[in-house]
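Some notes on the structure that comes next.
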Amino acid sequence: MTQPNTVIVIFGGTGDLARRKLVPALFQLACKGRLPERFHILGAARPEMTDDQYRDLMWQSLQEFSDLAVREEEWSHFARALHYMDVDLTSEEGYNRHKWQLTKFEEDWQTPNCLFYLSIAPQLFDPVIRGLAESGLAAEEESWRRVVIEKPFGRDLDSSIDLNLEVPEVFSEDRVYRIDHYLGKETVQNLLVFRFANAIFGSLWSRDHIDNIQITVAETVSVADRAGYYDRSGVIRDMVQNHLLQLQALVAMDPPAVLDAESLRNKKIEVLKAVRRWTPKDAAENAVLGQYRGYQGEEGVRNGSSMPMYAALRVFVDNWRWNGVPFYLRTGKSMTDKLTEIVVQFKCPPHILFS
(Lines give C-alpha, C1' and ligand atoms only; values in the text may rest on other atoms or scores of the structure.)
Protein backbone atom coordinates (compact mmCIF):
# COMPACT_ATOMS: atom_id res chain seq x y z
CA MET A 1 0.00 0.00 0.00
CA THR A 2 1.44 3.38 -0.97
CA GLN A 3 1.81 5.82 1.89
CA PRO A 4 0.02 9.17 1.44
CA ASN A 5 2.04 12.25 0.57
CA THR A 6 2.56 14.40 3.65
CA VAL A 7 3.69 17.89 4.62
CA ILE A 8 5.04 18.40 8.14
CA VAL A 9 4.93 22.05 9.22
CA ILE A 10 7.09 22.82 12.27
CA PHE A 11 6.08 26.11 13.86
CA GLY A 12 9.20 27.16 15.76
CA GLY A 13 11.34 25.47 13.12
CA THR A 14 14.60 27.13 14.21
CA GLY A 15 14.06 26.56 17.93
CA ASP A 16 15.91 24.33 20.36
CA LEU A 17 13.40 21.49 20.18
CA ALA A 18 13.37 21.41 16.38
CA ARG A 19 17.18 21.41 16.19
CA ARG A 20 17.84 18.95 19.03
CA LYS A 21 14.95 16.53 18.67
CA LEU A 22 12.45 16.94 15.85
CA VAL A 23 14.56 17.17 12.70
CA PRO A 24 17.07 14.50 13.88
CA ALA A 25 14.13 12.21 14.70
CA LEU A 26 12.50 12.80 11.31
CA PHE A 27 15.84 12.19 9.60
CA GLN A 28 16.20 8.88 11.44
CA LEU A 29 12.67 7.86 10.44
CA ALA A 30 13.47 8.71 6.83
CA CYS A 31 16.64 6.59 6.92
CA LYS A 32 14.56 3.66 8.22
CA GLY A 33 11.95 4.09 5.49
CA ARG A 34 9.20 5.07 7.93
CA LEU A 35 8.19 8.32 6.27
CA PRO A 36 6.06 8.60 3.13
CA GLU A 37 7.98 8.22 -0.10
CA ARG A 38 7.25 11.85 -0.92
CA PHE A 39 7.16 14.35 1.94
CA HIS A 40 8.05 17.94 2.72
CA ILE A 41 9.16 19.43 6.06
CA LEU A 42 8.44 23.15 6.29
CA GLY A 43 10.14 25.03 9.10
CA ALA A 44 8.40 28.25 10.10
CA ALA A 45 9.89 30.86 12.43
CA ARG A 46 10.78 34.57 12.70
CA PRO A 47 14.43 34.64 11.49
CA GLU A 48 14.96 35.34 7.81
CA MET A 49 16.85 32.66 5.88
CA THR A 50 16.72 30.70 2.65
CA ASP A 51 15.97 27.01 2.24
CA ASP A 52 19.68 26.29 1.83
CA GLN A 53 20.56 28.24 4.98
CA TYR A 54 17.92 26.30 6.89
CA ARG A 55 19.32 23.01 5.61
CA ASP A 56 22.81 24.06 6.70
CA LEU A 57 21.48 24.98 10.17
CA MET A 58 19.81 21.59 10.57
CA TRP A 59 22.96 19.79 9.34
CA GLN A 60 25.06 21.63 11.92
CA SER A 61 22.50 20.79 14.62
CA LEU A 62 22.61 17.13 13.65
CA GLN A 63 26.38 17.13 14.06
CA GLU A 64 26.16 18.92 17.40
CA PHE A 65 23.26 17.21 19.13
CA SER A 66 22.78 13.78 17.55
CA ASP A 67 24.79 10.63 18.12
CA LEU A 68 23.60 9.15 14.81
CA ALA A 69 26.20 7.84 12.38
CA VAL A 70 25.20 10.10 9.52
CA ARG A 71 26.28 9.48 5.94
CA GLU A 72 26.28 12.63 3.85
CA GLU A 73 24.51 10.97 0.93
CA GLU A 74 21.59 10.07 3.23
CA TRP A 75 21.45 13.61 4.54
CA SER A 76 21.61 15.08 1.02
CA HIS A 77 18.58 13.03 0.01
CA PHE A 78 16.68 14.03 3.17
CA ALA A 79 17.66 17.70 2.99
CA ARG A 80 15.88 18.14 -0.35
CA ALA A 81 12.63 17.76 1.58
CA LEU A 82 13.54 20.57 4.02
CA HIS A 83 12.06 24.02 3.33
CA TYR A 84 11.83 27.22 5.32
CA MET A 85 9.54 30.22 5.64
CA ASP A 86 10.05 33.24 7.88
CA VAL A 87 6.68 34.18 9.34
CA ASP A 88 4.97 36.19 12.06
CA LEU A 89 2.61 33.72 13.72
CA THR A 90 0.43 36.52 15.08
CA SER A 91 -0.36 38.07 11.68
CA GLU A 92 -2.97 37.10 9.09
CA GLU A 93 -0.42 37.63 6.30
CA GLY A 94 1.77 34.87 7.73
CA TYR A 95 -0.96 32.24 7.37
CA ASN A 96 -1.81 33.42 3.86
CA ARG A 97 1.84 32.81 2.91
CA HIS A 98 1.62 29.36 4.47
CA LYS A 99 -1.47 28.61 2.43
CA TRP A 100 0.33 29.71 -0.73
CA GLN A 101 3.29 27.42 0.05
CA LEU A 102 1.06 24.41 0.75
CA THR A 103 -0.81 25.12 -2.50
CA LYS A 104 2.52 24.91 -4.31
CA PHE A 105 3.12 21.50 -2.78
CA GLU A 106 -0.38 20.43 -3.82
CA GLU A 107 0.34 21.31 -7.43
CA ASP A 108 3.08 18.69 -7.37
CA TRP A 109 1.34 16.09 -5.24
CA GLN A 110 -2.43 16.54 -5.47
CA THR A 111 -3.82 17.42 -2.02
CA PRO A 112 -1.17 16.13 0.40
CA ASN A 113 -1.94 15.49 4.05
CA CYS A 114 -0.62 18.06 6.51
CA LEU A 115 0.67 17.79 10.07
CA PHE A 116 1.13 21.02 12.06
CA TYR A 117 3.66 20.69 14.89
CA LEU A 118 3.45 23.48 17.50
CA SER A 119 7.02 23.65 18.83
CA ILE A 120 6.41 27.18 20.14
CA ALA A 121 5.88 29.13 23.36
CA PRO A 122 2.59 28.21 25.11
CA GLN A 123 1.17 31.74 24.74
CA LEU A 124 1.24 31.26 20.95
CA PHE A 125 -0.87 28.07 20.91
CA ASP A 126 -4.19 29.89 20.79
CA PRO A 127 -3.18 32.48 18.12
CA VAL A 128 -1.76 29.72 15.90
CA ILE A 129 -4.85 27.51 16.25
CA ARG A 130 -7.03 30.52 15.41
CA GLY A 131 -4.77 31.49 12.49
CA LEU A 132 -5.01 27.99 11.03
CA ALA A 133 -8.78 28.09 11.31
CA GLU A 134 -9.31 31.58 9.85
CA SER A 135 -6.98 30.91 6.90
CA GLY A 136 -8.70 27.63 6.06
CA LEU A 137 -5.50 25.64 6.65
CA ALA A 138 -7.19 23.44 9.27
CA ALA A 139 -10.05 22.42 6.99
CA GLU A 140 -10.19 18.83 5.75
CA GLU A 141 -11.43 18.13 2.25
CA GLU A 142 -9.72 15.37 0.29
CA SER A 143 -6.79 15.12 2.73
CA TRP A 144 -6.37 15.13 6.50
CA ARG A 145 -5.08 17.82 8.84
CA ARG A 146 -3.55 17.05 12.26
CA VAL A 147 -2.07 19.24 14.98
CA VAL A 148 0.62 18.29 17.51
CA ILE A 149 0.79 20.49 20.61
CA GLU A 150 4.00 20.36 22.64
CA LYS A 151 4.10 20.63 26.41
CA PRO A 152 3.47 22.61 28.55
CA PHE A 153 -0.24 22.49 27.69
CA GLY A 154 -1.17 25.76 29.38
CA ARG A 155 0.56 27.61 32.21
CA ASP A 156 -1.82 26.50 34.97
CA LEU A 157 -5.11 24.65 35.41
CA ASP A 158 -7.26 27.55 34.20
CA SER A 159 -5.24 28.16 31.02
CA SER A 160 -5.13 24.42 30.34
CA ILE A 161 -8.93 24.21 30.62
CA ASP A 162 -9.29 27.23 28.31
CA LEU A 163 -6.98 25.63 25.73
CA ASN A 164 -8.93 22.37 25.89
CA LEU A 165 -12.08 24.35 25.10
CA GLU A 166 -10.52 26.34 22.26
CA VAL A 167 -8.69 23.60 20.33
CA PRO A 168 -11.78 21.39 19.65
CA GLU A 169 -13.49 24.36 18.02
CA VAL A 170 -10.95 24.00 15.20
CA PHE A 171 -9.64 20.41 15.38
CA SER A 172 -11.79 17.48 16.51
CA GLU A 173 -10.27 15.45 19.33
CA ASP A 174 -9.18 12.60 17.05
CA ARG A 175 -7.03 15.12 15.11
CA VAL A 176 -5.20 16.51 18.17
CA TYR A 177 -2.01 15.07 19.67
CA ARG A 178 -0.74 16.46 22.97
CA ILE A 179 2.92 15.58 23.01
CA ASP A 180 5.58 15.25 25.67
CA HIS A 181 8.61 14.35 23.54
CA TYR A 182 10.37 13.07 26.66
CA LEU A 183 8.14 9.98 26.69
CA GLY A 184 9.92 8.77 23.55
CA LYS A 185 13.15 8.14 25.45
CA GLU A 186 14.29 4.51 25.73
CA THR A 187 14.25 4.74 29.54
CA VAL A 188 10.55 5.51 29.39
CA GLN A 189 9.66 3.11 26.56
CA ASN A 190 11.24 0.19 28.42
CA LEU A 191 9.42 0.77 31.72
CA LEU A 192 6.20 -1.00 30.82
CA VAL A 193 8.05 -3.96 29.30
CA PHE A 194 10.35 -4.20 32.32
CA ARG A 195 7.44 -4.22 34.75
CA PHE A 196 4.70 -6.16 33.01
CA ALA A 197 6.69 -8.71 30.99
CA ASN A 198 8.53 -10.01 34.07
CA ALA A 199 6.29 -11.97 36.45
CA ILE A 200 8.86 -11.77 39.26
CA PHE A 201 8.13 -8.07 39.86
CA GLY A 202 4.37 -8.42 40.26
CA SER A 203 4.43 -9.59 43.88
CA LEU A 204 7.35 -7.32 44.84
CA TRP A 205 6.07 -4.03 43.39
CA SER A 206 4.43 -2.49 46.47
CA ARG A 207 5.01 -0.93 49.89
CA ASP A 208 5.53 -4.40 51.35
CA HIS A 209 8.94 -4.71 49.70
CA ILE A 210 9.95 -1.26 48.41
CA ASP A 211 11.42 1.37 50.74
CA ASN A 212 11.57 4.29 48.29
CA ILE A 213 11.77 5.17 44.60
CA GLN A 214 14.11 7.85 43.22
CA ILE A 215 13.59 9.45 39.82
CA THR A 216 16.38 11.72 38.58
CA VAL A 217 16.57 13.72 35.36
CA ALA A 218 19.74 15.82 35.31
CA GLU A 219 20.69 18.05 32.36
CA THR A 220 24.14 19.50 31.72
CA VAL A 221 22.77 22.25 29.47
CA SER A 222 21.93 25.67 30.85
CA VAL A 223 18.94 27.72 29.72
CA ALA A 224 21.24 29.42 27.15
CA ASP A 225 19.18 31.32 24.57
CA ARG A 226 15.88 30.00 25.99
CA ALA A 227 16.02 32.07 29.17
CA GLY A 228 13.00 34.08 28.04
CA TYR A 229 10.93 30.88 28.19
CA TYR A 230 12.49 29.17 31.19
CA ASP A 231 12.40 32.28 33.39
CA ARG A 232 8.62 32.28 33.02
CA SER A 233 8.04 28.55 33.36
CA GLY A 234 10.79 27.27 35.66
CA VAL A 235 11.81 23.69 36.24
CA ILE A 236 8.51 22.79 37.96
CA ARG A 237 6.34 23.55 34.94
CA ASP A 238 8.93 22.52 32.36
CA MET A 239 10.15 19.23 33.85
CA VAL A 240 8.33 18.12 37.01
CA GLN A 241 4.69 18.36 35.95
CA ASN A 242 5.41 16.87 32.52
CA HIS A 243 8.39 14.52 32.59
CA LEU A 244 8.89 13.41 36.18
CA LEU A 245 5.24 12.93 37.11
CA GLN A 246 4.81 10.91 33.90
CA LEU A 247 7.71 8.67 34.93
CA GLN A 248 6.29 8.35 38.43
CA ALA A 249 2.90 7.36 37.01
CA LEU A 250 4.47 4.69 34.78
CA VAL A 251 6.45 3.27 37.71
CA ALA A 252 3.51 3.31 40.14
CA MET A 253 0.52 2.41 37.93
CA ASP A 254 -1.34 -0.89 38.15
CA PRO A 255 -1.26 -3.09 35.03
CA PRO A 256 -3.95 -2.17 32.48
CA ALA A 257 -6.30 -4.85 31.16
CA VAL A 258 -5.25 -4.13 27.57
CA LEU A 259 -2.35 -2.19 26.06
CA ASP A 260 -4.10 0.72 24.39
CA ALA A 261 -3.89 4.47 24.83
CA GLU A 262 -7.09 4.93 26.85
CA SER A 263 -6.34 2.08 29.27
CA LEU A 264 -2.81 3.37 29.91
CA ARG A 265 -4.13 6.89 30.40
CA ASN A 266 -6.74 5.75 32.92
CA LYS A 267 -4.20 3.82 35.01
CA LYS A 268 -1.81 6.78 35.05
CA ILE A 269 -4.61 9.11 36.11
CA GLU A 270 -5.41 6.81 39.05
CA VAL A 271 -1.85 7.33 40.31
CA LEU A 272 -1.92 11.10 39.81
CA LYS A 273 -5.25 11.40 41.63
CA ALA A 274 -3.71 9.55 44.59
CA VAL A 275 -0.70 11.89 44.87
CA ARG A 276 -0.88 13.62 48.25
CA ARG A 277 -1.73 17.32 47.94
CA TRP A 278 0.50 19.73 49.81
CA THR A 279 -0.31 22.52 52.18
CA PRO A 280 2.22 25.40 52.26
CA LYS A 281 3.76 23.72 55.33
CA ASP A 282 4.05 20.39 53.45
CA ALA A 283 5.72 22.16 50.52
CA ALA A 284 8.35 23.68 52.80
CA GLU A 285 9.08 20.27 54.36
CA ASN A 286 9.14 18.23 51.13
CA ALA A 287 10.74 20.45 48.48
CA VAL A 288 14.14 22.02 47.82
CA LEU A 289 14.38 24.56 44.98
CA GLY A 290 17.40 26.39 43.60
CA GLN A 291 19.24 27.97 40.68
CA TYR A 292 22.58 27.07 39.15
CA ARG A 293 25.50 29.43 39.60
CA GLY A 294 25.45 32.07 36.88
CA TYR A 295 21.72 31.81 36.15
CA GLN A 296 21.08 35.42 37.16
CA GLY A 297 23.57 36.54 34.51
CA GLU A 298 21.94 34.68 31.61
CA GLU A 299 20.60 36.91 28.86
CA GLY A 300 16.82 37.22 29.15
CA VAL A 301 16.59 36.45 32.89
CA ARG A 302 14.66 39.06 34.86
CA ASN A 303 16.55 41.01 37.51
CA GLY A 304 16.29 39.28 40.87
CA SER A 305 14.37 36.31 39.39
CA SER A 306 13.58 33.58 41.89
CA MET A 307 12.41 31.10 39.24
CA PRO A 308 13.84 27.66 40.17
CA MET A 309 16.10 25.76 37.78
CA TYR A 310 16.58 22.86 40.22
CA ALA A 311 14.00 20.92 42.21
CA ALA A 312 14.14 17.99 44.64
CA LEU A 313 10.73 16.80 45.85
CA ARG A 314 9.44 14.09 48.16
CA VAL A 315 6.05 12.91 46.94
CA PHE A 316 3.66 10.32 48.40
CA VAL A 317 0.99 8.28 46.61
CA ASP A 318 -1.86 7.55 49.01
CA ASN A 319 -3.29 4.26 47.78
CA TRP A 320 -3.08 0.64 48.91
CA ARG A 321 -0.05 -0.23 46.82
CA TRP A 322 2.17 2.74 47.72
CA ASN A 323 0.93 4.21 51.00
CA GLY A 324 3.93 5.45 53.00
CA VAL A 325 6.51 4.94 50.22
CA PRO A 326 8.31 8.21 49.34
CA PHE A 327 8.99 9.04 45.69
CA TYR A 328 12.02 11.33 45.39
CA LEU A 329 11.88 13.45 42.21
CA ARG A 330 15.00 15.40 41.19
CA THR A 331 15.77 17.50 38.16
CA GLY A 332 17.90 20.49 37.25
CA LYS A 333 19.67 22.48 34.55
CA SER A 334 23.45 22.91 34.26
CA MET A 335 24.19 19.81 36.37
CA THR A 336 27.58 18.09 36.45
CA ASP A 337 26.37 14.98 34.57
CA LYS A 338 23.56 14.20 32.16
CA LEU A 339 21.44 11.46 33.70
CA THR A 340 18.01 9.89 33.43
CA GLU A 341 17.66 7.28 36.15
CA ILE A 342 15.03 5.47 38.17
CA VAL A 343 16.23 3.74 41.36
CA VAL A 344 13.92 1.29 43.14
CA GLN A 345 15.27 0.83 46.69
CA PHE A 346 14.01 -2.41 48.22
CA LYS A 347 13.66 -2.82 51.97
CA CYS A 348 16.42 -4.44 53.99
CA PRO A 349 15.75 -7.97 55.25
CA PRO A 350 14.69 -8.16 58.91
CA HIS A 351 18.03 -9.60 59.98
CA ILE A 352 21.35 -8.74 58.27
CA LEU A 353 23.81 -11.64 58.26
CA PHE A 354 26.65 -9.70 56.68
CA SER A 355 28.62 -6.78 58.03
Side-chain angles (χ1 to χ4, degrees), residues 6-19 22-23 26 40-58 61 81-109 111-141 143-155 158-160 162-172 175-179 225-233 299-300:
T6 304
V7 177
I8 301 170
V9 179
I10 302 177
F11 292 115
T14 60
D16 189 72
L17 180 62
R19 293 185 294 112
L22 300 183
V23 172
L26 289 167
H40 283 311
I41 298 170
L42 178 62
R46 280 186 176 274
E48 293 184 5
M49 65 177 73
T50 66
D51 286 355
D52 286 338
Q53 289 172 324
Y54 186 62
R55 291 161 184 159
D56 289 341
L57 175 65
M58 292 300 111
S61 300
L82 283 176
H83 307 270
Y84 182 77
M85 177 180 291
D86 58 279
V87 64
D88 179 359
L89 296 179
T90 62
S91 75
E92 180 182 350
E93 188 269 340
Y95 296 95
N96 290 335
R97 290 181 62 210
H98 265 293
K99 193 167 186 178
W100 172 82
Q101 181 64 70
L102 294 180
T103 301
K104 269 189 70 177
F105 292 151
E106 288 181 6
E107 290 173 357
D108 297 332
W109 288 0
T111 61
N113 298 324
C114 193
L115 172 70
F116 300 104
Y117 200 115
L118 274 56
S119 175
I120 51 179
Q123 62 267 24
L124 289 174
F125 289 165
D126 181 52
V128 169
I129 295 292
R130 294 293 172 193
L132 293 174
E134 292 168 3
S135 64
L137 286 169
E140 289 190 338
E141 296 177 0
S143 56
W144 56 249
R145 297 289 187 267
R146 302 287 187 269
V147 62
V148 178
I149 304 178
E150 259 287 348
K151 62 87 185 170
F153 193 81
R155 177 176 174 79
D158 289 340
S159 60
S160 178
D162 289 343
L163 195 54
N164 264 332
L165 293 174
E166 293 160 0
V167 172
E169 293 179 5
V170 180
F171 292 92
S172 59
R175 297 198 285 147
V176 179
Y177 298 86
R178 298 165 183 82
I179 293 294
D225 58 352
R226 301 190 70 199
Y229 162 71
Y230 280 112
D231 199 49
R232 286 162 177 77
S233 62
E299 185 178 352

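Annotation: side chain of Glu150 is not in contact with side chain of Leu118 (no heavy-atom distance under 4.5 Å). Taking the side chain as every heavy atom from C-beta outward, Thr14 and Tyr84 approach each other to under 4.5 Å. Considering only heavy atoms from C-beta on, Ile149 stays 4.5 Å or farther from Tyr117 through its side chain. In this structure, Tyr177 and Arg146 have side chains that are in contact, with non-hydrogen atoms separated by less than 4.5 Å. A 4.5 Å side-chain heavy-atom check between Trp144 and Thr6 finds at least one atom pair inside the cut-off. Here the side chains of His83 and Arg55 are in contact, with some heavy-atom distance below 4.5 Å.
Taking the ring centroids of Phe11 and His98, they lie under the 6.0 Å cut-off.
Distance check: Leu137 CG to Leu102 CG gives 6.0 Å after rounding to the nearest 0.5 Å.
For Glu92, the CD atom counts as loosely surrounded, since its 6.0 Å shell holds 12 or fewer non-hydrogen atoms of other residues, nucleotides or ligands.
Of the candidates Ile10, Val23, Leu22, Leu22 is the only one forming a side-chain contact (heavy atoms from CB on, under 4.5 Å) with Leu17.
A salt bridge links Asp88 with Arg46: at least one charged nitrogen is closer than 4.0 Å to a carboxylate oxygen.
Using modelled atom types, no side-chain atom of Arg97 and backbone atom of Glu93 make a donor-acceptor pair closer than 3.5 Å.
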